[in-house]
Visitor: 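Sharing a structure below in structure tokens format, with a few things to ask.
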Amino acid sequence: MPKPFLLIKIILLLGLPSVSALGYAEQSYNDKADAIFKLLDSGTIEKNATTQAYLDELNSLISATDIQRQLRLTRARCWAFNVFEEGQVSKGLAFAQQALNNPNLANSPNDKLDLELCQAWLTEQDGDVDLALAGYNAAITQAYALEDLRLVADARGMRGYLHSYQGNFTQGLEDLLTSHALYQSLDLSAWARTSLYEIATIYRRLGDQKSAIRYFKKLEKSYLKSNNLDGANAITVAIAIAEEELGNLDRAKLLFEQGYHHWKNNNRELEQATVAVNIAGTLIKLGEFKQASQYLDEAEPFILPTDEAFYSFMHLFRAQIYLGYGLLPQTHKSIAYARSAFSRVKNLRGLAQLQLVESQAFLQEGRWKQAYYALSEYVKLRNELDAKQLSSYTTEMRTRFNANQIEEENRHLIENQQLKELELAMLEQNKLQQWIIIILGSFLMLIISVFAYKQIQKNRLLSALALTDDLTQLPNRRYIYAKAQSRFEEAQRTQQPLSVILFDADYFKLINDKHGHEVGDQALVLLAQTCRNLLSHKHQAARVGGEEFLILLADSDMAQAYEIAQALVKRVSESNFSAFPQGFTMTISAGVASMRAEDSKLSQLLKRADDALYQAKSQGRNQAKGS
């Protein structure tokens, strides 16, 4: 054999083990990436920080040339946006739109559909439920065409939840029953539990509390089996609500207390507060006003106006207690808070209860005309609720008759999915054979592969994730409340003054309705920048709600704080609005409060600021008021 050919053969034989090792390493990366994808898809990861850590790891594992896994990573990133964090919904929508422009999606219809479904879900979180529903409808049609069980389950689960929220219980139950059956067939127990919870909730809303309890207990058993005590406790509270609806008040009280002590023992203050509100409602029905009031006092620092469901009932229960004690001015004040929250979320049941309490208050005051009007409104709301209840009963019966059809449809989908899985297994086997052929390729291909691998490694080392801020780049509510608590305790120890300013944009809903949410976002950014320009380094502003801001003023008394608030009101009204649409103007209203010697809790200081803000609003807006 000529020497040059002998040398090439030796190099080739020596290179084969390294190529094999290279292939093994890459396969190991792929296997690990696939395991992470499976974990993310399972729905068992609860903390967003953990999800982000897994996404970062996937970014380091997946080759830039692995188109399919890169697309799957893009899908995972889309679903990972934390919609409870300020500004993340709009960022998620921008990400989804950009991802859908990827030309590689033309050959991956399942990946494309999943991104479109994610876009529809983010649209729902953004408040445009009609556009979201249209997206869900289109996604369901395409998912059936692709015979992708997971996408069918996801899309119908999301649409079912939205239908349930809107009161369309027929379609909601059909969607959720289908979603639940498919998740079970796919062995996705976490998602199956989620859909089962929504099914139980629909039955509770329909008034069929016994069916709701049956489903809730099935779900509770599943959580206990997987040792998820928090999940099981949440279901215990849901069962308590249903028991109260059935009139089993002592049973409801016992279950509520069980849920309350679980959250208390685990230092989950917000969850503990929400259960405390529920317990108060049951205790009021039992005539135990004093204990109910104690639970509400405990919950109040944690139930904010933005938590409208619990905030509204907290003040309704306050009104009922005040009425029971004959404290009529306080009764009317609590009614006003509750009515505002109930009206925002269109809770007819809550508004009806409120009208009854108000009529009773007017009756005690001898204001017969107002009592008659309030009672008339109560009757009107009850008639509307009764009509919906009858419609809901018809809905429930019709849905039950469709159960066989749903089951047959699911069986057909599952059979098709099994065939597809068999086809995929055969394709994977073909891929393995192709990989063996590549390993045994020419010496030139070996060199190219080595250089490509090294280049990929360099790319991985150079990759870095960009950190993003929220819309206003101010601290969020949770941060500022923790900071305020620390300042409050320090001020108590040192006897130094401490003040707060609570302000929000006047008629902000009209700004969004007239100019659009993008202009509304720009207005919030302007408010944040105005705070930065006005405040000194020792003062701190934060966005605590949609258009609501809180300013923490350390070492500042009432006079100093009020002066800052007036300056802020004036500066906002005189801002340069040239970058905004023609005719755009904006003002704010502010409430100011300073710490008093008798203050024992931060919530007392914040409540006075909130009361002052309410006073500024009711007296014409575009001003600051102190309390």
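We use all heavy atoms of the structure for the numbers below, so side chains are in, but hydrogens, waters and symmetry mates are not.
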Visitor: At their closest point, which heavy atom of T44 faces which heavy atom of A190, and how far apart are they?
Guide: CG2-CB, 4.0 Å
Visitor: Any donor-acceptor pair under 3.5 Å linking the side chain of S334 with the backbone of T331?
Guide: no
Visitor: So, the side chain of S185 versus the backbone of L182: is there a donor-acceptor pair under 3.5 Å, distance only?
Guide: yes
Visitor: Within the 3.5 Å criterion, strictly below it, is a donor on D506 or S589 matched to an acceptor on the partner's side chain?
Guide: yes
Visitor: If we ignore hydrogens and angles and just use 3.5 Å, is the side chain of S340 paired with the main-chain N or O of Y337 as donor and acceptor?
Guide: no
Visitor: Going from CG on L196 to OG1 on T201, what distance comes out if it is rounded to the nearest 0.5 angstrom?
Guide: 9.5 Å
Visitor: Which word best sums up how the rings of F289 and Y325 line up, parallel for under 30°, tilted for 30 to 60°, or perpendicular for over 60°?
Guide: perpendicular
Visitor: Any luck finding a side-chain donor-acceptor pair between K625 and Q619 under 3.5 Å?
Guide: yes
Visitor: Using modelled atom types and a 3.5 Å cut-off, is there a donor and acceptor pairing between side-chain atoms of S90 and backbone atoms of G87?
Guide: yes
Visitor: Do Q258 and L255 have side chains that approach each other closer than 4.5 Å (heavy atoms only, starting at C-beta)?
Guide: yes
Visitor: Does the side chain of R150 come within less than 4.5 Å of L186's, by heavy atoms?
Guide: yes
Visitor: Taking N265 for the side chain and H261 for the main chain, is one N or O donor matched with an acceptor at less than 3.5 Å?
Guide: yes
Visitor: Would you say the side chains of Q272 and E298 form a donor-acceptor pair under 3.5 Å?
Guide: yes
Visitor: Would you indicate whether the side-chain heavy atoms of L498 and L552 approach each other to under 4.5 Å?
Guide: yes
Visitor: Check the pair V83 / Q88 against side chain to side chain contact (heavy atoms under 4.5 Å, CB included), numbers first and verdict last.
Guide: CA-CA 6 Å; V83 297; Q88 287 298 297; over 6 Å; no
Visitor: When you measure from the side chain of R608 to the backbone N and O of S594, does any donor-acceptor pair fall under 3.5 Å?
Guide: yes
Visitor: Calculate, to the nearest 0.5 Å, the distance between atoms CD and CG belonging to Q320 and L356 respectively.
Guide: 8.5 Å
Visitor: Surrounding CZ of F508 (heavy atoms of other residues, nucleotides or ligands, distance under 6.0 Å), is the total greater than 12?
Guide: yes
Visitor: Check for a donor-acceptor pair, side chain of R621 on one end and backbone N or O of Y507 on the other, with a separation under 3.5 Å.
Guide: no
Visitor: So, taking the atom named CD in Q355 and the one named CZ in R339, what distance separates them when rounded to the nearest 0.5 Å?
Guide: 5.0 Å
Visitor: Hey, mind stepping through E124 and Y136 against side chain to side chain contact (heavy atoms under 4.5 Å, CB included) and telling me if it holds?
Guide: CA-CA 10 Å; E124 180 186 347; Y136 293 152; 2.6 Å; yes
Visitor: Run the salt-bridge test on R204 and E245 with the 4.0 Å N-O cut-off and return the result as yes or no.
Guide: no
Visitor: Apply side chain to side chain contact (heavy atoms under 4.5 Å, CB included) to the pair E271 and N266, showing each step before the final yes or no.
Guide: CA-CA 10 Å; E271 290 85 349; N266 287 276; over 6 Å; no
Visitor: Mind checking whether D154 and Y183 have side chains closer than 4.5 Å, heavy atoms only?
Guide: yes
Visitor: Taking atom CZ as the centre, does R251 end up with more than 12 heavy-atom neighbours from other residues, nucleotides or ligands that are less than 6.0 angstrom away?
Guide: no
Visitor: What I'd like to find out is whether the side chain of S359 reaches to under 4.5 Å of the side chain of Y378, using heavy atoms alone.
Guide: no
Visitor: Say you draw a straight line from CH2 of W263 to CG of L270; how long is it, rounded to the nearest 0.5 Å?
Guide: 10.0 Å
Visitor: If we ignore angles and hydrogens, is there a donor and acceptor under 3.5 Å between the side chains of S222 and R193?
Guide: yes
Visitor: How long is the straight-line distance from CG of D610 back to CG of D504, given to the nearest 0.5 Å?
Guide: 9.5 Å
Visitor: Angle class for the H315/Y311 ring planes (parallel below 30°, perpendicular above 60°, tilted otherwise)?
Guide: perpendicular
Visitor: Let's go through Y260 and Y295 carefully: what are the C-alpha distance in whole Å and the side-chain angles of both, what is the deciding distance for ring pair (Phe, Tyr, Trp, His ring centres under 6.0 Å) to 0.1 Å, and is it a yes or a no?
Guide: CA-CA 10 Å; Y260 170 86; Y295 275 113; 5.2 Å; yes
Visitor: OG1/T50 to CG/L40 distance, rounded to the nearest 0.5 angstrom?
Guide: 10.5 Å
Visitor: Set out, in order, the CA-CA distance, both residues' side-chain angles and the distance that settles side-chain hydrogen bond (donor to acceptor under 3.5 Å, both in side chains) for E489 and Q485, then state yes or no.
Guide: CA-CA 6 Å; E489 293 170 358; Q485 182 64 39; 3.0 Å; yes
Visitor: Please assess I140 against R156 for the test side chain to side chain contact (heavy atoms under 4.5 Å, CB included), listing each intermediate value before the final yes or no.
Guide: CA-CA 7 Å; I140 289 169; R156 294 202 69 167; 3.8 Å; yes
Visitor: Between N383 (side chain) and K380 (backbone), is there a donor-acceptor pair under 3.5 Å?
Guide: no
Visitor: Does any N or O in the side chain of R477 come within less than 3.5 Å of the main-chain N or O of I480, such that one atom is a donor and the other an acceptor?
Guide: no
Visitor: When E300 is tested against each of K607, R318, K601 for salt bridge (Lys or Arg N to Asp or Glu O under 4.0 Å), which residue passes?
Guide: R318
Visitor: Salt bridge or not for D611 and K333, using N-O below 4.0 Å?
Guide: yes
Visitor: How about Q540 and I551: do any of their side-chain heavy atoms sit closer than 4.5 Å?
Guide: no
Visitor: Does the S618 side chain pair with the main chain of Y614, one donor and one acceptor, at a distance under 3.5 Å?
Guide: yes
Visitor: Do F362 and Y373 have ring centres separated by under 6.0 Å?
Guide: no
Visitor: Please check if the number of heavy atoms outside D187 that lie under 6.0 Å from its CG is greater than 12.
Guide: no
Visitor: When you compare the side chains of N476 and Y481, does any donor N or O come within less than 3.5 Å of an acceptor on the partner?
Guide: no
Visitor: Given Y197, which partner from the list W191, F216, Y223 fulfils the ring-ring contact (aromatic ring centres under 6.0 Å, His included) test?
Guide: F216
